[in-house]
Amino acid sequence: MKKCRICEGRNLHKFLSLGRQPHCNRFLREQDLALDEPAYPLDLYFCDDCALVQLGYVVPPEKMFRDYPYVSGTTATLPAHFQRLAQEIVARFDVPRGSLVADIGSNDGTFLRGFQQLGMRVLGFDPAVNIAALANEAGIETVPEFFDRDVSARAAAEKGKAKVITAAGVFYHVPDLPDFVEGVRALLADDGIFVVQAIYLLDMIEKTSFDNVYHEHLCYYSLKPLTVLFNRFNMEVFEVERAPIHGGSIIVYVRQGISRGRKESVEALLAEEARRGLYSLETYQEFACRVAGVREKLVSLLRDLRAQGKGIAAYGAPAKGNTMLNYCRIGPDVLRYAAEKNPLKQGLYTPGMHIPVIAEEKAREDPPDYYLVLPWNFLDEFLEKEREFRERGGRFIVPIPEPHIV
Ligand SMILES: [Zn+2]
């Protein structure tokens, strides 16, 4: 890797290596376990010029997104979050009924459904053919393509310009940011709003949530590099807010043209980022030390429990869980299975560590003493849902920010 993905600078510093890992969403069938499993370097770099944190190695997107097992609708927290956000956007920017709202990386249409209920015309873009088909069946029109300049121009010609374009949880996937932003510009009305939601680097650093790092996430955003990116394309970040979703995210509001005035929220967050050291390499080197500490503590905690004869299983089999398991080398000798709600993953094995993924209902028939909760960002929801397990003495091991038992 030679150039920064946003500013094209060459002052990149590697500060964290999570080893070679298979693609975190490439779950395996039993008959594939004996086959060679491709693995790729998972290393993070910091750009000294624009402060973007990014992966050094890019797995070709065709290998990652065409058959995608993640469905936004599987937890209760996400639909509620997106419905609230849709209402807020429509109210705050006075979006007239009947306006076109486009969502890039629209998954099963969870976000767009909120806009549709508010009387908007909606259009999704998602390259995962299987998931786009689900959305289309459910009445959310979805283009099964990678979003780029061409796909966007075609949509604009067919549907007109969009008043609102959203990109939640996709912006860090984009291999060619300039092409993507040009695509947004082609589809966005002159007075339209582009809303980006991304996992926030400051939260990731403070919580030591290194499990957000996987091959699909090419970039890890603080606000500053986003302002640099959009300025390059004559667009402006004019407002920003933080949200608790996914363990800490930012929602960034962008519009066409520059110097129509940034809101105080933008200046305030930039100042806070500088104060918290997000623009300096040492902050990231310290983060890397804490990551190694999490591994050490988690592995010894699990080893002690196993030595006491306790049964342990994984709760959930999310992408981020595979970063954790593969980095810590936690396999089926420690975790009997991963209990998972998403039927697309059930019956398969986790990439790398090959832990069998079973249905939640099946896990209830044979519960462990301890669950290692991998989607820890939804912990509150799980504590409520697994009340019975906990009342019978079952416990959750939460790996982040420091391994602990609840
Ligand atoms: Zn840069």
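The structure displayed is predicted, hence computed values, not measured ones. Note that ligands are numbered from 1 as they come in the structure, with each ligand's atoms numbered from 1 the same way. Residue numbers run from 1 in the order of the sequence given.
A cation-pi arrangement is absent between Arg290 and Phe210, since the terminal nitrogen or guanidinium carbon is not both under 6.0 Å from the aromatic centre and inside a 45° cone about the axis. A cation-pi geometry, defined here as NZ or CZ lying under 6.0 Å from the six-membered ring centre and within 45° of its normal, does not hold between Lys207 and Trp376.
Between Glu384 and Arg390, none of the side-chain N atoms (NZ, or NE/NH1/NH2) sits under 4.0 Å from a carboxylate O, so this pair counts as no salt bridge.
Ring planes of Phe93 and Tyr253: tilted class, angle from 30 to 60°.
Protein N/O/S atoms closer than 2.8 Å to the Zn ion (ligand 1), listed by chain and residue number, are Cys4 SG, Cys7 SG, Cys47 SG, Cys50 SG.
Defined by atom type and a distance below 3.5 Å, a donor-acceptor pair is present between the side-chain atoms of Asp108 and Thr110.
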In a table with atom names and distances, give each donor-acceptor pair under 3.5 Å that connects a side chain of residues 154-164 to protein atoms at least two apart or in another chain.
| from | atom 1 | to | atom 2 | distance (Å) |
| --- | --- | --- | --- | --- |
| Lys159 | NZ | Glu141 | OE1 | 2.9 |
| Lys159 | NZ | Glu141 | OE2 | 3.2 |
| Lys161 | NZ | Ala186 | O | 3.3 |
| Lys163 | NZ | Asp191 | OD1 | 3.3 |
| Lys163 | NZ | Asp191 | OD2 | 2.7 |

